[in-house]
Protein chains: 2
Amino acid sequence: MQDLLFDFISKYISLTDDEKNAIVSLALFRQVKKGAILLKEGEKSNDGYFVLKGCIRIYYIIDGEEKTTAFYTEMEALTPHCVIQKAPSEYYISCVEDSILLVSDPDMEAEMFSKFPKFETLCRILAEEFLAKQQINFDEFKTSSPEQRYINLLQKRPDLIQRVPQHQLASFLGIKPQSLSRLRARILEKIKG
Amino acid sequence: MQDLLFDFISKYISLTDDEKNAIVSLALFRQVKKGAILLKEGEKSNDGYFVLKGCIRIYYIIDGEEKTTAFYTEMEALTPHCVIQKAPSEYYISCVEDSILLVSDPDMEAEMFSKFPKFETLCRILAEEFLAKQQINFDEFKTSSPEQRYINLLQKRPDLIQRVPQHQLASFLGIKPQSLSRLRARILEKIKG
DNA sequence: TGAATACGTTCACTTAAGTTAAGAAATGAT
DNA sequence: ATCATTTCTTAACTTAAGTGAACGTATTCA
């Protein structure tokens, strides 16, 4: 399991055995069951997550309805807004599947950064890279229709459509579950016709 | 003008005079006229921008139509996707108003980082913070209607509605200019009625 | 200054998403 | 295995966004 992590890191920086050991000694691995809630609205938490295996999601409850806005799968990192802003969380985080996560918090990060400055470089690069990806995603979302967004998702993250319930996908696409059903039927119609 | 920059930085880290001088000696200030194009689709560039004064925007040309997806105003930093990905740009960047920008590139950043590690910390924090903000923005976009998005913008960035043409705002809100006109009329109707 | 272009609004019409409700299918718990 | 709950789909109706076109009003620039 740790190998997955080090393979991932090696794409960005090279680590000595000392550094690997430091990470392992500080890192907290956590197994979580499908449906488990990692963070609730209103709670304060300092935990960030790196998904080694499985899938977690962010959702809001607005007017009593769940609105899923993001999924994180293998080799993706999620630092909740409340950790950065030091404020109560606006959203929930829960497990879509049984998952294995690497849990971090700012204190642990600070310790790593001071011992191994290289590690701060890694975090900076990851943040910059993820920010760039996030912006492209947002741009695509803004400039396309729900139907285009779904077709886009089919191509870019076909796994998500398999592993995630439709009603969660719907709000991820910015629409209602009924509209997603209809839209899927419409696309099938087009392919057949 | 430099004071603006240092006041901003001082919110995150404290700088010695040496460090300030290093920034000034490496930094490139650039005055740009309204309408000037900083980056074109297909171009490769290594320049990142920090807006000291004015407003710049990102837009795509899709099927011959301009689609504006982002605005950057005072004290906001924009590192184009193509700088991170080392690939040709998918979008254009242009000046909405006469602006004063601080231009940076990866080489200059690397030099700063090695001389003053503190500066890498600043960049990491800014990237993390901006990422968190960006995600909240995206979440709000996904979970609200065009009308709600516009009302939201009225409250959060009223300045944008003043300084930016309607048709650019429209695509920023994910709709057509005609729909924005209609939506504004609808809101006025509600206030009157 | 005058012609051309770009911009914002309005209108009629089309298309698709939201809403409400019902029922079928899948899932989970006892 | 059965019952209850959740999830997904379908349908009819409402509402709002997309489309194409026209019109008045800036802006631009030759």
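Each chain gets a letter, A, B and so on, in the order the sequences are listed, and its residues count up from 1. In this text, all values refer to a predicted model and were calculated from it rather than measured experimentally.
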Visitor: Would you tabulate the nitrogen or oxygen pairs shorter than 3.5 Å linking the protein to nucleotides 16-21 of chain C?
Guide:
| unit_1 | atom_1 | unit_2 | atom_2 | d |
| --- | --- | --- | --- | --- |
| C/dA17 | OP2 | A/Arg186 | NH1 | 3.0 |
| C/dA17 | OP2 | A/Arg186 | NH2 | 3.1 |
| C/dG18 | OP2 | A/Lys176 | N | 3.2 |
| C/dG18 | OP2 | A/Ser179 | OG | 2.7 |
| C/dG18 | N7 | A/Arg182 | NH2 | 3.0 |
| C/dG18 | O6 | A/Arg182 | NH1 | 3.0 |
| C/dT20 | O4 | A/Gln178 | NE2 | 3.4 |

Visitor: Please report, rounded to the nearest Å, how far the P atom of D/dT6 is from the CG atom of A/Leu169.
Guide: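 Checked: the CG to P distance equals 20 Å.
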Visitor: Do B/Tyr59 and B/Ile93 come close enough that some side-chain heavy atom pair is under 4.5 Å?
Guide: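 B/Tyr59 vs B/Ile93: side chains apart.
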Visitor: Output the distance between atom CD (B/Gln134) and atom CZ (A/Phe130), rounded to the nearest 0.5 Å.
Guide: 11.0 Å
Visitor: Could you grab the distance from atom OH of B/Tyr12 to atom CZ of B/Arg124, nearest 0.5 Å is fine?
Guide: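 Separation between the atoms: 12.5 Å.
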Visitor: Distance under 6.0 Å and angle within 45° of the ring axis: does B/Arg57 meet both against B/Tyr72?
Guide: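 No cation-pi geometry.
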Visitor: Check the distance between C/dA6's P and B/Gln166's CD and give it to me in whole angstrom.
Guide: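 About 18 Å, once rounded to whole Å.
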Visitor: Can you tell me how far apart OG1 (A/Thr68) and CZ (A/Phe172) are? Round to the nearest 0.5 Å.
Guide: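 It comes to 9.5 Å.
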Visitor: Take atom CD of B/Glu66 and atom P of C/dG8, then tell me their distance rounded to the nearest Å.
Guide: 12 Å
Visitor: Ignoring backbone atoms, test whether B/His167 places a side-chain nitrogen or oxygen under 4.0 Å from the OP1 or OP2 oxygen of C/dG8.
Guide: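 Yes, because at least one side-chain N or O of B/His167 sits under 4.0 Å from OP1 or OP2 of C/dG8.
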Visitor: Parallel, tilted or perpendicular: which one describes the rings of A/Tyr60 and A/Tyr91, with boundaries at 30° and 60°?
Guide: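 Perpendicular, since the angle between the ring planes exceeds 60°.
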Visitor: Looking only at side-chain atoms of A/Lys34, point me to the closest of D/dC8, C/dG8, C/dG28.
Guide: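 Closest of the options to the side chain of A/Lys34: C/dG28.
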Visitor: Measure CD/A/Gln168 against P/D/dT7 and give the value in whole Å, please.
Guide: 8 Å
